[in-house]
Every structure is written in C-alpha cells, then in structure tokens.
Amino acid sequence: MPLKNILKQSSKNSNIRLKLKKRNCPVCNSNKKTKILNIYNWKKMDSNGNIFTIDKKYCLCSNCNLVYTNPTVDPKIFDKLYTNSIVGSFFNHKNSKNIIKLDKFDQLVGKYLDKTKKVLEIGCGSGVLLKHLNKKYKIKNLNLLGLEPSNEIFKTFKSNKNFKIINKFLDKFITKKKFDLIIMDNVFEHFEYPKKSLKKIFQLLNKSGIIYIAIPDTENIKTIQDDPFNHTCNYNYNNINILLNNSKFKILNKKQSFQQINLVAKKSLTSYKKFKVEKKFKKKLHFKINLIKLSLEKIYKKIEKIRKQIISENKKIVFFGAGNYALWILDLLKINNYIKYGVDNNFIYQNKIRNNFKILHPKKLIDNDYDCILILSGTYKKDIKNQMLKMKINRNKI
C-alpha cells in the first residue's frame, strides 16, 4: 500500500517497513566511517497509530566524529512521516522537562531579548518557548513565528493567541522578513542537510541576529528506548562548533548538562577550520554503548518479572502513555490479553487506536475498573505519577 494512503488511516493501524539508502557523512561528506551500533526492527509510531519499522545502523565519521545513520530513510519519506508526527508534551507546559528547558533558554538568551525582537522558532511543537517569550519578555504575537511541519500540531495551535504558526518545513519557507532570534530546540539533529539548513538560516537572520540551538550530546549518550542516539545526525561540541564556524557563525556562549548541548551563536566572518579527529572519542563511545547495553539487560529482566506477575495473578491492566516508549515496552511485555485500554494526556491521541488499544482521557482511571496501571513514559513518568496521585488514584495500583 502506498505510504500516503497508510498515513491517512486512523481506525486500523498499519505496520510498514521503510526502505533505506546509503549516504556519505551529512556534515563533512566523507565516506570514511566505522560501524558503531546496529538496532534491528526499530519502530516508530505516527499520530494516527501507524507503525514504521527500520533497521537503524549508526556509524562514526572518521573525519568529523559525527554519529549518523547509514543507510538511512529517504528524506522525502522522512518529511511525510514528520507531517504526521507528534513531538513533545501537550498536557502541561509546566512539567519538569519544560521547566529545565525554559531555565536554560533564559540563562543563555535572556540578555539578548527585549519586546521589540522578531523571533522564528523552527519546529516549534506546542510553542513552549514562543509562549514563554510572549509572557515573560512581552514580545507581541505578531513578532513570534513558529514553523511546524506536523499537521496535527499546526491544526491544534493555529488559533492560539501567543504566537503565529506556519505549517511548513524550513526549506519550503519563503519570506522577506529578517529575524533577530532563530530557535532550534532539539530540532537541528533532525536536519538531513545541516549545511544547507544553516545557509538558509544565515539568510533569514538580521545582521546582528543570533541563533539558539539545543541538541543531544554524543559525549553523554543515554538509553532512549533501545536507541541511545535516536537521531539521524548526532553531534558533540567539537563538530557542531566547527560546522557552525564553517557556516559563518561564531558561538557566543554554551552550556553542557543533562545530556544536552545548549548554545547561542551570531553571524561572523570566520575562516575555514578543519574538523579535528578525536581518537579517544570512538573508544569512549564504545564504552558508553556497552554500559547502556548492560542497563538494558536489567530493564529486560525487570519487564520479564512484571510480565510473569501479571500473568500469574491474572491482573487487569491499563497503561498511561501512548507514545513510542509505550510501543517499545508493550512489545517487550507481550501482555495484550490482560490490557483493557490505555490513557494519555495528549488529546490528539485520545479516542484513537494506538498499540492496538483504544486511548482514553485520564479521567477514565477514576472508574477503578483495573488492578494495575503501567506508566509507559520515559520522560514524564514523575509528572504522570503525581498527576494520578492528585486524582486520588490508589498509589498501590500504580
């Protein structure tokens, strides 16, 4: 079945394996590389519950130390998937993850801001940062613009009062406007052609404009589902610094914490720099990957223990969380016959079939028609637990 038809389905989920194509390093174009990690049958779910499967093969560029997928999904297919994707949390802008996000942003960018600034956020999601700029820095919504390729996110936020939003990818965005600040918060690592994207961003900036980038740090990888990298391009500070320099940007300030690199850069007349080969980086990367594999073994044992307990006690189960983390855990648990339904705060998921189960509003949990609730979220598990306790859900059932 054609991909475009599968993406439209909502009443019945589909599972399709995506074809891959080989490529050179997307940062320096070198074809010299070493294999780092293979993850077979890795699955991702779109907003309609359709599942896409690929074999993820990560390699390390021998020239610039970029960790990237090769072979990878055709960028045109990636674009179609993004238009039907959901990223981030929609239920509470004040969750723990967003509090950290806003704090880092204020520390690095706050001193450059005033209410006259014109701001563009690429991949704005639910607009956490744009709303923050409107509320805290009093920047008018006419000067706050978000680019968001996801159709579902665009439909949800197109009428919001805090910022303007356009349903386009960066390469399709055409404007005569110039911006004082361009934000890429956990977006840059998704760009298939980073040099081309930076060229476009350079053109969109005012002469004295700045960019803000937050990306995962390959010096501090962690387990995300069973994929410690989780992106098509994975940077460390050294290669993102040189890439920006060679694209006529100079880093003004940076912070590295919580497995993230956060930085501010401005336009600058820079001279070309060669990428540095960090010989210790490869060894360090293999060491961390092995540690993650060991931690995953512990997770698998814990899941098997939970599975046996559910089956032996014939428990009636519901789950909280209907994203890709839930897809991974449910695949491992194999307890579909014991599950009644799922719930999620994301209203885009509600009343849809995901992971073969109907997803409902969390208020359904008040009915108490179950023995146990599984929290299936890696990022928001503490927020979800606190939410249920406030709902007077029996903590022994969580």
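Please read these numbers as outputs of a predicted model, since none were measured by experiment.
Side-chain atoms of W42 and K44, non-hydrogen and from C-beta on, do get closer than 4.5 Å to each other. When side chains are defined from C-beta on, K32 does not count as touching N63, because their heavy atoms never get closer than 4.5 Å. Side-chain atoms of F188 and L243, non-hydrogen and from C-beta on, do get closer than 4.5 Å to each other. Residues L365 and F320 form a side-chain contact, since some pair of their non-hydrogen atoms from C-beta on lies under 4.5 Å apart.
Applying the side chain to side chain contact (heavy atoms under 4.5 Å, CB included) test to N186 and every residue at least two apart in sequence or in another chain returns E189, A214, P216, Q260.
L20 and I77 fall within the same hydrophobic cluster, defined by Ile, Leu, Val, Met, Phe, Trp and Tyr side-chain heavy atoms under 4.5 Å apart, directly or through other members.
S208 and D180 are not linked by any side-chain donor-acceptor pair at a separation below 3.5 angstrom, with hydrogens and angles left out of the test. Side-chain contact, N262 with Y212: a donor N or O sits under 3.5 Å from an acceptor N or O. Counted by atom type alone, Y235 and N241 present zero donor-acceptor pairs between their side chains at under 3.5 Å. Side-chain contact of Y40 with N38: a donor-acceptor pair under 3.5 Å is present, judged by distance alone. Q387 and K385 are not linked by any side-chain donor-acceptor pair at a separation below 3.5 angstrom, with hydrogens and angles left out of the test.
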Review point. Checking salt bridge (Lys or Arg N to Asp or Glu O under 4.0 Å) for the pair K97/D383: CA distance, chi angles, key distance, verdict?
Key: CA-CA 9 Å; K97 183 180 179 181; D383 296 288; over 6 Å; no

Review point. Between K280 and E278, is a salt bridge (Lys or Arg N to Asp or Glu O under 4.0 Å) present by the stated rule, with each step listed?
Key: CA-CA 6 Å; K280 291 182 180 179; E278 302 165 275; over 6 Å; no

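Residue K340 forms a salt bridge (charged side-chain N to carboxylate O under 4.0 Å, His left out) with just one option from D371, D367, D369, and that option is D369.
By the 6.0 Å and 45° rule, R354 stacks over the aromatic ring of Y349.
The distance from the CG atom of D103 to the NZ atom of K255 is 8.5 Å, given to the nearest 0.5 Å. Rounded to the nearest 0.5 angstrom, F191 CZ and H231 NE2 are separated by 12.0 Å.
Checked against the 6.0 Å centroid criterion, the rings of H190 and F78 do not qualify as a close aromatic pair. Between F357 and Y341, the gap from one ring centroid to the other reaches at least 6.0 Å.
Screening residues 220-243 for salt bridge (charged side-chain N to carboxylate O under 4.0 Å, His left out), with sequence neighbours left out, gives K56-D227.
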